[in-house]
Amino acid sequence: MGNETTAPTNFIRQAIEQDIAAGKNDGRVVTRFPPEPNGYLHIGHAKSICLNFGIARDYDGICNLRFDDTNPHKENVEFVRSIQEDVRWLGFSWGDRVFYASDYFEQLYGFAVELIEKGLAYVCDLSAEETRTYRGTLTEPGKESPFRQRSVEENLDLFRRMRAGEFPDGAKVLRAKIDMASPNMNMRDPTLYRIRHGVVHHQTGAEWCIYPMYDFTHPISDALEGVTHSLCTLEFEDHRPLYNWVLDNINAPCHPQQIEFSRLNLQYTVMSKRKLTQLVDEGHVEGWDDPRMPTIAGMRRRGYTPASIRDFIDRIGVSKSENTVEMTLLENCVRDDLNVNALRRMAVLHPLKVVIENYPEDQVEEVEAANHPQDPSQGTRRIPFCREIYIDAEDFREEAPKKFKRLVTGGEVRLRNAYVIRCDEVIKDPQGEIVELRCSYDAATLNANPEGRKVKGVIHWVSARHGIEAEVRLYDRLFGVPSPDSAAAKEGRDYKEFLNPDSLRTLTGCVLEPTLADEEVGALYQFEREGYFSRDATVNAAARPIWNRTVTLRDSWAKIEQQGG
Ligand code: ATP
Ligand code: MG
């Protein structure tokens with residue numbers, strides 16, 4: 001405790017500290033992260049991961065990874081694999097404590113039998129539709145099922161035969177016998193088991209045709225693992241009485257405490273796995289790891305670092321109040337990390353050819369460039385300079401107001417790490433498009449100020465003879481409105497109608513400085529004046545490397561939002 005990796009305190013940490021001080025659970029702290037393997041993890045899960053694993057780290061406890069795999073029909077091993085990869089990538093380790101709720105199917109079955117024997121569970125033959133009407137509403141009590149009074153013997157026999165596969169899907173369920181008049185709908189004889197034939201479970205294969213429900217499985221899984229604090233999101237607050245009822249009525253090895261906290265919601269995106277699955281399946285994005293997705297895999301591919309995501313989670317804190325966090329906060333965490341840790345390189349995204357007419361035709365010199373202007377310990381690199389270079393088309397104007405500090409016809413500008421050049425002539429194609437600039441350089445200005453005049457602007461460049469062609473992908477927000485879910489609800493439209501049509505812009509003819517030739521997948525740099533970029537795992541159709549823009553240098557959206565645009 002108290003080392004520099006300790007996360008900020010919150011109401012859950014305070015409760016745990018009190019429990020430790022009071023000697024509860026003999027001072028032990030055991031948490032778990034319980035994903036359902038029915039999709040990739042998203043930034044909301046990162047909050048739960050950092051909370052559960054962070055608490056275990058800071059209180060000498062343990063945190064289990066447990067797959068909540070009771071709904072096999074939407075689950076698969078790809079999701080199991082990706083979840084492990086993402087938790088590990090975020091910087092957390094579960095040692096050998098990876099569990100599956102399906103590990104407990106036999107024990108769960110035993111506890112269900114125990115409830116039946118105690119007269120606290122019964123087999124019910126009502127159809128799904130009938131069960132709904134019998135349940136009542138928030139203002140009216142429910143009605144007891146006609147099957148509620150079955151004898152223990154009959155229930156034991158029917159439940160055994162449910163397991164043996166004698167009944168079709170939906171013919172019967174096992175229900176808890178609690179209180180059909182409870183003001184809490186979750187307590188109105190909730191379903192504990194249902195029949196599911198013909199699904200092959202990714203862990204247990206075809207062994208089972210009955211599957212336990214989440215509300216029955218979760219408390220028992222927690223108890224079997226000796227979990228002390230079962231942390232979950234607020235929508236489970238109303239399920240807590242059922243969580244406790246299950247544990248109070250079976251011979252449980254211990255009774256974990258459920259504590260709820262608010263979900264992370266983030267602007268300009270959606271976070272439900274159902275919707276993310278839809279975006280993937282319907283091809284609105286390239287896949288779960290599309291850099292625009294709020295998934296951990298997408299963020300990794302985009303160039304977000306584990307440290308910046310952990311920093312973000314620390315900054316938003318943990319509470320019980322629902323709110324939506326600004327995307328800008330996440331992006332600023334990424335910027336803060338990369339500004340310190342990413343080395344600098346030069347890349348031209350919209351190349352405009354410049355011929356330096358007074359530079360010797362066959363000369364190439366290597367100029368020295370700092371890898372990190374604020375951190376000399378990062379050293380320097382040498383980059384080739386010659387008669388033909390590219391600058392960015394946006395750094396040139398034929399005419400421009402005085403405050404345009406870049407290159408204009410007849411004006412001068414400094415090439416970063418090299419010389420001052422002057423634009424002497426603009427070459428256009430028959431359509432009037434600028435295709436090339438003719439310039440001259442001042443040979444006395446390599447790392448030196450020009451004689452007798454001031455040149456304010458500095459622009460980046462790449463040697464046209466040595467540069468590497470690349471594709472650069474510029475990502476913007478996936479949705480065009482801050483809250484696609486509430487916008488859709490308010491206007492009675494589908495949330496997908498709010499997808500941002502410009503969330504991806506692909507630039508194919510970019511030119512990178514040659515030092516970037518053999519970068520590994522995931523390599524991360526600041527392309528000076530352009531932003532932070534990360535090497536993608538794929539290449540494009542022309543076999544050119546692809547670089548993803550991780551984040552811009554500054555927050556361009558804040559300005560737009562301030563202007564109300
Ligand atoms: P969805 O509702 O989108 O299907 P889920 O909550 O069912 O997501 P799980 O795989 O069950 O997804 O989640 C694993 C854990 O992560 C749970 O403890 C859940 O409470 C937590 N979690 C999920 N989404 C968020 C979120 N947005 N913020 C914080 N914790 C979350
Ligand atoms: Mg869930």
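Hydrogens, waters and symmetry mates play no part in the numbers below; they use all other heavy atoms, side chains included. Note that the numbering runs from 1 along the sequence shown for the chain.
The line from CG of Leu524 to CG of Asn341 is 9.5 Å long, rounded to the nearest 0.5 Å. Rounding to the nearest 0.5 angstrom, the gap separating the CG atom in Asn500 from the CZ atom in Arg292 is 9.0 Å. In this structure, the separation between CZ on Phe159 and CG on Leu115 is 9.5 Å, given to the nearest 0.5 Å. The line from SG of Cys63 to CD1 of Ile55 is 9.0 Å long, rounded to the nearest 0.5 Å. Put simply, CD on Gln257 and OH on Tyr243 are 9.5 Å apart, with the number rounded to the nearest 0.5 Å. The CG atom of Asp157 lies 7.5 Å from the CD atom of Glu154; values are rounded to the nearest 0.5 Å.
Summarising the geometry of Asp311 relative to Cys333, their closest heavy-atom pair is OD2-SG, 3.7 Å, with the distance given to 0.1 Å. When every heavy atom of Val123 is checked against every heavy atom of Phe147, the shortest pair comes out as O-CB, 3.6 Å. Summarising the geometry of Ala223 relative to Ala252, their closest heavy-atom pair is CB-CB, 4.4 Å, with the distance given to 0.1 Å. Residue Glu331 comes nearest to Arg477 through the heavy atom pair OE1-NH2, 2.8 Å, listed as atom of the first residue, atom of the second, then distance. Of all heavy-atom pairs between Ala112 and Tyr193, the closest is CB-CE1, 3.7 Å. Contact between Ala487 and Val481 at its shortest, heavy atoms only, is CB-CG2, 4.1 Å.
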Passes side chain to side chain contact (heavy atoms under 4.5 Å, CB included), Arg148 versus Lys177? Steps please.
CA-CA 7 Å; Arg148 205 174 197 259; Lys177 193 190 278 190; 3.4 Å; yes
Audit row: Arg535, Glu520, salt bridge (Lys or Arg N to Asp or Glu O under 4.0 Å) steps and yes/no:
CA-CA 7 Å; Arg535 172 85 144 91; Glu520 285 173 17; over 6 Å; no
Given salt bridge (Lys or Arg N to Asp or Glu O under 4.0 Å), test Lys118 with Glu114 step by step and report yes or no.
CA-CA 6 Å; Lys118 290 176 172 168; Glu114 182 184 341; 2.7 Å; yes
Step by step, work out the salt bridge (Lys or Arg N to Asp or Glu O under 4.0 Å) result for Asp86 and Arg300.
CA-CA 9 Å; Asp86 292 349; Arg300 173 169 62 237; 2.9 Å; yes
Tell me, with the steps shown, if Arg132 and Glu129 meet salt bridge (Lys or Arg N to Asp or Glu O under 4.0 Å).
CA-CA 5 Å; Arg132 240 190 316 278; Glu129 183 55 44; 3.0 Å; yes
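A donor-acceptor pair is defined here as one N or O able to donate and one able to accept, closer than 3.5 Å; no such pair exists between the side chain of Ser483 and the backbone of Asp485. Checked by atom type and distance alone, the side chain of Lys496 never pairs as donor or acceptor with a backbone atom of Leu279 at under 3.5 Å. Of the possible polar contacts, one joining the Lys47 side chain to the Ser262 backbone as a donor-acceptor pair under 3.5 Å is found. Side-chain N or O atoms of Gln258 include one that pairs as donor or acceptor with a backbone N or O of Phe236 at under 3.5 Å. Asp68 contributes no side-chain N or O that, together with a main-chain N or O of Ala101, makes up a donor-acceptor pair within less than 3.5 Å. At distances below 3.5 Å, at least one donor-acceptor pair connects side-chain atoms of Glu130 with backbone N or O atoms of Ser127. Between the side chain of Glu497 and the main chain of Asp494, a donor-acceptor pair closer than 3.5 Å is present. Using a distance-only test at 3.5 Å, with no hydrogens or angles considered, no donor-acceptor pair links the side chain of Arg549 to the main chain of Leu474. Without hydrogens or angle criteria, Thr506 side chain to Arg473 main chain gives no donor-acceptor distance under 3.5 Å. Remark: side-chain polar atoms of Asn52 are not paired, donor with acceptor, to backbone N or O of Thr31 under 3.5 angstrom.
No donor-acceptor contact under 3.5 angstrom links the side chains of Asn244 and Asp248, judged on distance only. Side-chain contact check for Tyr122 and Gln149: no donor-acceptor pair (N or O, by modelled atom type) lies under 3.5 Å. Donor-acceptor pairing under 3.5 Å is recorded for the side chains of Thr233 and Glu235.
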Without placing hydrogens or testing angles, list every side-chain donor-acceptor pair under 3.5 Å for residues 163-176, not counting sequence neighbours.
from	atom 1	to	atom 2	distance (Å)
Arg163	NH1	Glu106	OE2	3.1
Arg163	NH2	Glu106	OE1	2.8
Glu166	OE1	Arg161	NE	2.5
Glu166	OE1	Arg161	NH2	3.2
Asp169	OD1	His197	N	2.8
Lys172	NZ	Asp125	OD1	3.3
Lys172	NZ	Asp125	OD2	3.1
Arg175	NE	Asp189	O	2.8
Arg175	NH2	Asp189	O	3.2

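Close placement of the His218 and Tyr214 rings is indicated, their centers lying within 6.0 Å of each other. Between Phe498 and Phe479, the distance separating the two ring centers is not shorter than 6.0 angstrom.
Glu225 pairs in a salt bridge (charged side-chain N to carboxylate O under 4.0 Å, His left out) with only one of the listed residues (Arg32, Arg66, Arg97), which is Arg66. With Arg301 as the fixed residue, the side-chain hydrogen bond (donor to acceptor under 3.5 Å, both in side chains) test singles out one of Thr295, Thr550, Asp536: Asp536. None of His202, Glu78, Arg81, Lys74 except one satisfies the side chain to side chain contact (heavy atoms under 4.5 Å, CB included) rule with Pro37; the exception is His202.
In this structure the side chain of Val80 never reaches within 4.5 angstrom of the side chain of Asp69, judged on heavy atoms. Counting heavy atoms from C-beta outward, Thr228 and Lys24 have side chains that stay 4.5 Å or more apart. For the pair Pro190/Ile178, a side-chain contact is recorded, criterion being any heavy-atom separation below 4.5 Å from C-beta on. A 4.5 Å side-chain heavy-atom check between Thr70 and Glu36 finds every atom pair outside the cut-off. Residues Ile49 and Val87 meet the side-chain proximity criterion, which asks for heavy atoms closer than 4.5 Å. Residues Thr269 and His42 have side chains not in contact (no heavy-atom distance under 4.5 Å, counting atoms from C-beta outward).
In this structure, Glu282 places its CD atom where more than 12 heavy-atom neighbours from other residues, nucleotides or ligands lie under 6.0 Å away. The 12-atom threshold is not exceeded at CG of Asp518, counting heavy atoms of other residues, nucleotides or ligands nearer than 6.0 Å. Other residues, nucleotides and ligands place no more than 12 heavy atoms under 6.0 Å from the NZ atom of Lys143.
The aromatic rings of His201 and Phe105 stand perpendicular to each other, their planes meeting at an angle above 60°, with 30° marking the opposite boundary.
Among residue pairs with one or both ends in residues 282-318, those qualifying as ring pair (Phe, Tyr, Trp, His ring centres under 6.0 Å) are Tyr40-Trp288, Phe79-Trp288; sequence neighbours excluded.
Residues that satisfy the side-chain contact (heavy atoms from CB on, under 4.5 Å) test with Cys50, not counting sequence neighbours, are Phe92, Arg310, Ile313.
Figure legend: Lys275 and Tyr495 shown as a cation-pi pair, the cationic atom lying under 6.0 angstrom from the six-membered ring centre and within 45 degrees of its axis.
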